[in-house]
Amino acid sequence: MKNVLKSFFESFLRSRHMRHHFERWQTLLSAKPSSLGSAAMPAEIARALATASHTDAGEVLVRLDSSSQGLTETHALALRKRLGSNEVRHEQPLPWWNHLWQCYRNPFNLLLTVLALVSYVTEDTKATVVIGSMVLLSTVLRFLQESRSNKAADRLKAMVSNTSTVLRPAPDEKAGRAGDSGFDLAHAGTQRIEVPMRDLVPGDVIALSAGDMIPADARLLSAKDLFISQSALTGESMPVEKFAATAADHRAGVLERDNLLFMGTNVISGTATAVIVHTGERTFFGALAQRVSATDRGTTAFQAGINRVSWLLIRFMLVMAPLVLVINGVTKGDWWEAALFALSIAVGLTPEMLPMIVTATLAKGAVVMSRRKVIVKRLEAIHNFGAMDVLCTDKTGTLTQDRIVLERHTNAWGEGSDHVLQQAYLNSFHQTGLKNLLDKAVLSHGEVQLDAQLQTRWRKVDEVPFDFSRRRMSVVVAHGDDEHLLICKGALEEILSVCTSVERGAEVLALDADVMAGIHRVASQLNAQGLRVVAVASRTLHADARKPAYSVADEAGLTLLGYVAFLDPPKESTAPALLALAAHGVAVKVLTGDNELVTRKVCGDVGIDAGRMVLGHEVERMNQAELRQVVEMRQVFAKLTPAHKERIVQALHANGHVVGFMGDGINDAPALRAADIGISVDGAVDVAKESADIILLEKSLMVLEQGVVEGRRTFANMLKYIKITASSNFGNVFSVLVASAFLPFLPMLPLHLLVQNLLYDVSQIAIPFDNVDEEFLKTPQRWNPADLGRFMVFFGPLSSVFDILTYTVMWFVFAANSVEHQTLFQSGWFIEGLLSQTLIVHLIRTRKIPFLQSRAAWPLLAMGAAIAAVGIWLPMGPLAHYFKLQALPLAYFPWLVLMLVGYVTLTQTVKGWYARRYGWQ
């Protein structure tokens, strides 16, 4: 059923609309960027972007009534009220009438509507009312449940929002008007604030660094080594470099302009400032949204599972209904009555409550998970969460406390050095890119003794931002007007690759083999103590070598100064969480960019046997077949690049695992997208949160383990309804086939079948709130239509055994053996059939002994008891004649109790045998 839950899913997808809608648009966007520039957006928008591209940056600011210091808060608020939020149209909720239509139009409701029309044409008013009530009940309940769930989704979404860094004039300074020279982030009178992306307006000046999402279409004002991933728009896998210079080529396509940024792309490395030109529906993204909003975004794994189950039941109905028609037509001779009866059988086989049950169960699961600090961004991700059997996670902040402290600052020989600390502080203080926990630890450690003098003695000249291929970054500072000092900080191997000498006190030594061996020995000793080592090097550039701007090429001929070593102690909760995940069938694999010594120490502290670790350079040499073998045998992978992490996740997925990946950095984004279930945290970089399916409000494996359990509980309740309904319906049809072949009258009128089915459906409304046995939560769960078919075949006929016994009792004991007494016969089977259906809920919902070892939640118990009472009352009460039933003698009820006890006993016996042979899911 292709459209099940579509409207509800869309409400949860709003917070990640970029990723999923871009996936839908890959066919459209496979064209060349130059062609997209003119064809994929309205001409007015294309012209405005082109004009901004080839106009001087100062003039662009003038036209947008902005300045290099950004808009004032008052001005921005006025624009926001006039132009609206920075959101595209598809994010708005559906009108109520459209939502109601979406809730109605599923294959089951459409089928029931056809049957209701047939009943109306044949003047079977009662059948028309009953079938119409079923459709109305299914549609209205789903509409009300989804409306409540949408509101809950909005509240959950508000807990996790992406922000942008916006420049504002400082309160005590007057903002310079458009045309101010330069776009330095340190401009006097400028402050940075974090603003939700939806609140941005044209004219806002934003600051960008590695990991940021581009929140709207913008014109660059300044850029330093800026590389942007535009793959979501253009399909190009390689990042493109962007520059602030005014475009000279007016013929280039809009997407080819080097000084334009587009909503939905992201910063790979470098820093920049940009002024927003278009927001919301006037962006390139917004224009595309209007063109392809009707395009099907494809079938997810969750929807595919629903589809397979639904079509299994529909195919079963298409076989059984004609069979019932033929048997009754041949044996009774009344083909019209047989046709109506066959249509009623088709209704009985239709799980019309499936969309509502699935929606309610998933929505309840999402709300419960939010209370446990797990925010579900995509509702169908709950299925993958419960099915996950391999979790790949980074080390820092997940296994460790994410509370990094600067433990030591030494020279290359391991001797304490304040000079190294000062140089590291200058580097961290002046860099404007992606400040990580290591930078914050340096600034916190040296703040008191260094901050005051650095503010007066050193000024920043330039910087070379961090990227994940170099794994280092540099700043250039000046002391007075004399020489420039380039300070580089990064991973040891990458720093050594650009060093030619090493400092020891007043001496500077060449990096020969012996010195290199000593350096590696000291670093290894620090790593073995669980310390993460970052190397610091510098280079003095005298007057003849100074430049106004520096690049990666200037990171050469450096002198190694020493190390800053950080400690990130393991979390106390990590070891118990790992044991809990293992107990629930989830294998944890560590994927980290850190070196093998630190990784081994941390893994040992939390109880992970690192064994033979696989390093990034080894992954690089493996083909996919080799990697698929290795990922099954190894648990810890170190010194990985983002591409290595992505390949490992893909290899595990290819091996048939449902893979979760937990990460929070820009380097984790590819693996988050490749995983079946991407997991990030609220404090992650924008692109990581945008790539994730699940957001943790607390970065802890224990929180994750609780989320996995709740995901399985949610899936278990969905599966209960499907298993119970499928087996019960199959048993009823089997009973009808037997009765039709031997009885001179219909075993039950079409009206009886419809009323019975309606009452049974009402009893299932409480299933989303049911309890789940702990045993069910211990192993990953997946859709398996083959298991469902086998389950139907085994458990459906069990009810038929006691249906046939009911036939026998009614025929021989109560003499309901002629057409004149058929109402008595039908009344007896009506009650037994409804009560056995209600009872089967409690028998099949658990592997244990129902009511004794495992008890249903009170809403399900109460609903079942109420429906059973109504089922008995209908034949025995004043409405019996209306429903063509009659009161049963009191002697019938002891027989009924015996049959129900026998049904429970037989089902429990078969259940034990079935679970031992096939398992119990």
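Just so you know, these numbers use all the heavy atoms, side chains as well, and skip hydrogens, waters and symmetry mates. Throughout, residue positions are numbered sequentially from 1 according to the sequence presented.
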Where [X] and [Y] come nearest, the two heavy atoms and their spacing:
X: Asp803; Y: Glu832; result: OD1-OE1, 2.6 Å
X: Met662; Y: Leu704; result: SD-CD2, 4.0 Å
X: Ser854; Y: Arg845; result: OG-NH1, 3.1 Å
X: Leu798; Y: Phe794; result: CG-O, 3.6 Å
X: Gly707; Y: Met369; result: O-CE, 3.6 Å
X: Pro570; Y: Val606; result: CB-CG1, 3.6 Å

Does [X], at its [atom1] atom, have more than 12 non-hydrogen atoms belonging to other residues, nucleotides or ligands within less than 6.0 Å?
X: Phe734; atom1: CZ; value: no
X: His653; atom1: NE2; value: no
X: Gln629; atom1: CD; value: no

When you compare the side chain of [Y] with that of [X], does any pair of heavy atoms fall below 4.5 Å?
X: Val659; Y: Ile677; result: no
X: Tyr914; Y: Arg790; result: yes
X: Val901; Y: Val904; result: no
X: Leu391; Y: Ile679; result: yes
X: Phe661; Y: Leu591; result: yes
X: Phe637; Y: Lys645; result: no
X: Leu652; Y: Glu632; result: yes
X: Phe769; Y: Leu860; result: no

So how far is it from [X] [atom1] to [Y] [atom2], rounded to the nearest 0.5 Å?
X: Leu900; Y: Thr905; atom1: CG; atom2: OG1; value: 10.5 Å
X: Leu906; Y: Phe802; atom1: CG; atom2: CZ; value: 5.0 Å
X: Asp676; Y: Met388; atom1: CG; atom2: CE; value: 10.0 Å
X: Thr806; Y: Met899; atom1: OG1; atom2: CE; value: 3.5 Å
X: Phe830; Y: Leu835; atom1: CZ; atom2: CG; value: 10.0 Å
X: Trp829; Y: Gln756; atom1: CH2; atom2: CD; value: 7.0 Å

> What residues, two or more places apart in sequence or in another chain, satisfy side-chain contact (heavy atoms from CB on, under 4.5 Å) together with Phe851?
Replying inline: Leu839, His842, Leu861

>> Suppose the criterion is side-chain hydrogen bond (donor to acceptor under 3.5 Å, both in side chains): which pairs have a residue in residues 601-611, not counting sequence neighbours?
In response: Lys601-Asp605

Where the side chain of [X] meets the backbone of [Y], is there a donor-acceptor pair that is under 3.5 Å apart?
X: Arg847; Y: Asp773; value: no
X: Ser800; Y: Gly731; value: yes
X: Asn655; Y: Arg628; value: yes
X: Glu705; Y: Leu578; value: no
X: Thr393; Y: Val590; value: no
X: Arg916; Y: Lys911; value: no

> For the residue pair Phe791 and Tyr918, is the inter-centroid distance of their aromatic rings smaller than 6.0 Å?
Replying inline: no

>> For Lys778, is there an ion pair with Glu775 - N to carboxylate O distance below 4.0 angstrom?
In response: no

> Is Lys720 salt-bridged to Asp770, going by a charged N under 4.0 Å from an acidic O?
Replying inline: yes

